[in-house]
Number of protein chains: 2
Amino acid sequence: MTGNAPRRADALRNHDRVIAAARELFAERGLDVTVPEVAARAGVGRATVYRSYPSKEELVLAVARESFRALEERTLAAIAADDAYRAFVAYLPDLLEHLRRDRGLAAAFLEARLVPAARLVDLIGRLVEAAKAAGPLRPDTGVLDVRIVLCGVIRQLIVLDEREPAVWRRYADVILAAFRS
Amino acid sequence: MTGNAPRRADALRNHDRVIAAARELFAERGLDVTVPEVAARAGVGRATVYRSYPSKEELVLAVARESFRALEERTLAAIAADDAYRAFVAYLPDLLEHLRRDRGLAAAFLEARLVPAARLVDLIGRLVEAAKAAGPLRPDTGVLDVRIVLCGVIRQLIVLDEREPAVWRRYADVILAAFRS
DNA sequence: AACTAACCGGACTCACGTGTCCGGATAGCC
DNA sequence: GGCTATCCGGACACGTGAGTCCGGTTAGTT
């Protein structure tokens, strides 16, 4: 790690295989995928996975970090928009579509203990506050509503294993209605 | 069981202790309570619990059955009300208050595989349909919204361990807003 | 008071998933 | 082509919770 000694070629190749397998499996089936399953799909042994990522959480973060960063950027852009309300209205279906496509990302998003997830939820809270000042949202709306309503609906869509894009789109609209005054 | 032979006094006493302990623990902490914990609180051994209830699910049902029946009755009454919309508006905070008070009941309510829970959700769906005909609800609202929005918000309130009555009351209102057109 | 059938509960098995270890194999260098 | 540091992965240790079993005990009857 620190000494960044040149790692052996097979180690690098296996590392790539592991993260590719994890990316696929997490996206398809969420974070309940077990480490042995990831190892099997990658064609390596369990211990090889744990060598690159000391715990399953590290693996999850490695896979999801980029997606979180992208979502954060979109959120910041929406907050900074001229009309934060319109930006929020456009943002919601976009967010849900991303989460629908990647079950692992959605599951990570709902994991309040995960730092990037908590940060993103806070940002969305700030977006709601900004939107409130620019459009017809409930005056008492805040980050708690994001945590309860937005996260609750997303969690339930996952629990019920809903995959239909139209259904997810519809709930973007329903969530918006819940926030509106 | 079948021969309903007169059970010994100590067996009946232990049975009562077990169900009382289960009722308390489930209400306080939900269904994640383990069977050993129930046994310990009841002051009996594990096997004694399994004698009365062959599986944990049976125990849960035994504890929750009465509450489900009561909720079903209230739901049916609301469906049959003159103004189903007003009945629905009054019903929601009432339902949430019951679930807030009994975490085990709330957890059971969210367990779609549990027959009484599924039946209650269906009934609430019928209530929504009836209310739709009598008041300003979205025309495309139905039982799916109950499953996603109502159950989602309740699940998230539990996940975040929210216990404040005022917060639960507020979300009864927010859910209603989500259903409204 | 003695006897027996029923009950009690500690100890056990089983299943599953995370994380560790060490003997064997192999890549990279000389 | 040989040597060694590094990596590989099957086997293992651990923790948790559900559900079972059997020797000891006690309630209820005669």
Got [X] and [Y] here, is their nearest side-chain heavy-atom distance under 4.5 Å?
{"X": "B/Y53", "Y": "B/V35", "value": "no"}
{"X": "B/F109", "Y": "B/I158", "value": "no"}
{"X": "A/L96", "Y": "A/L150", "value": "yes"}
{"X": "A/T34", "Y": "A/K56", "value": "no"}

- [ ] Measure from the side-chain heavy atoms of B/A47 and tell me the nearest of D/dC8, C/dG9, D/dA27.
- [x]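 Of the candidates, C/dG9 comes closest.
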- [ ] Within residues 53-60 of chain A, find the residues that approach DNA chain C with a heavy atom at under 4.0 Å, and present them sorted by residue number.
- [x]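 Close to the strand are A/S55, A/K56.
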Open item on the list: Angle between the end axes of the helix from C/dA1-D/dT30 to C/dC30-D/dG1, five pairs per end, to the nearest 10 degrees?
Closed with: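 Between the first-five-pair axis and the last-five-pair axis there is 10°.
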Task: Phosphate contact (D/dC8 OP1 or OP2) by A/N14 side-chain N/O below 4.0 Å - done: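 Yes, such a contact exists.
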Looking at [X] and [Y], does any basic side-chain N land under 4.0 Å from a carboxylate oxygen?
{"X": "B/E66", "Y": "B/R69", "value": "yes"}
{"X": "A/R170", "Y": "B/D145", "value": "yes"}
{"X": "B/R41", "Y": "B/E37", "value": "no"}
{"X": "A/K132", "Y": "A/E129", "value": "yes"}

Rounded to whole Å, how long is the line connecting atom [atom1] of [X] with atom [atom2] of [N]?
{"X": "B/D10", "N": "D/dT25", "atom1": "CG", "atom2": "P", "answer": "15 Å"}
{"X": "B/R13", "N": "D/dT26", "atom1": "CZ", "atom2": "P", "answer": "12 Å"}
{"X": "B/Y50", "N": "C/dC7", "atom1": "OH", "atom2": "C1'", "answer": "18 Å"}

TODO: Could you tell me which residues satisfy ring-ring contact (aromatic ring centres under 6.0 Å, His included) with B/Y50, sequence neighbours excluded, listed by chain and number?
DONE: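 Here no residue qualifies.
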Open item on the list: According to ring-ring contact (aromatic ring centres under 6.0 Å, His included), who are the partners of B/F179, at least two apart in sequence or on a separate chain?
Closed with: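 For B/F179 the ring-ring contact (aromatic ring centres under 6.0 Å, His included) partners, ignoring immediate neighbours, are B/F88.
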- [ ] With salt bridge (Lys or Arg N to Asp or Glu O under 4.0 Å) as the test, would you mind laying out the steps for A/D161 and A/R103 before giving the verdict?
- [x] CA-CA 10 Å; A/D161 197 30; A/R103 247 182 164 43; 2.7 Å; yes
TODO: Classify the side chain of B/R46 versus the base of D/dG17 as yes if they form a donor-acceptor pair under 3.5 Å and no if they do not.
DONE: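 Check fails, no donor-acceptor contact within cut-off.
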TODO: Answer yes or no: side-chain N or O of A/R51 and base N or O of D/dG9 forming a donor-acceptor pair under 3.5 Å.
DONE: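 By the distance-only test, yes, there is a pair.
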Task: hydrophobic_cluster_shared for A/V159 and B/L114, side chain cutoff 4.5 Å - done: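 Different clusters: B/L114 never reaches A/V159 through Ile, Leu, Val, Met, Phe, Trp or Tyr contacts under 4.5 Å.
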- [ ] Indicate, with yes or no, if A/L61 and A/V121 share a hydrophobic cluster defined by side-chain heavy-atom contacts under 4.5 Å among Ile, Leu, Val, Met, Phe, Trp and Tyr.
- [x]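 No, A/V121 does not connect to A/L61 through the hydrophobic network.
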Open item on the list: Under 4.0 Å, heavy atom to any atom of DNA chain D: which of residues 32-43 of chain B qualify?
Closed with: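 B/T34, B/V35, B/P36 - these, ordered by number, are the residues of the stretch whose heavy atoms sit under 4.0 Å from the strand.
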- [ ] Please figure out whether B/A9 or A/L12 has its closest DNA chain D nucleotide nearer the 5' end.
- [x]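 This one resolves to A/L12.
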Using the 3.5 Å cut-off, write out each protein N or O paired with an N or O of nucleotides 3-6 of chain C and the distance between them.
unit_1, atom_1, unit_2, atom_2, d
C/dA6, N3, B/R8, NH1, 2.8

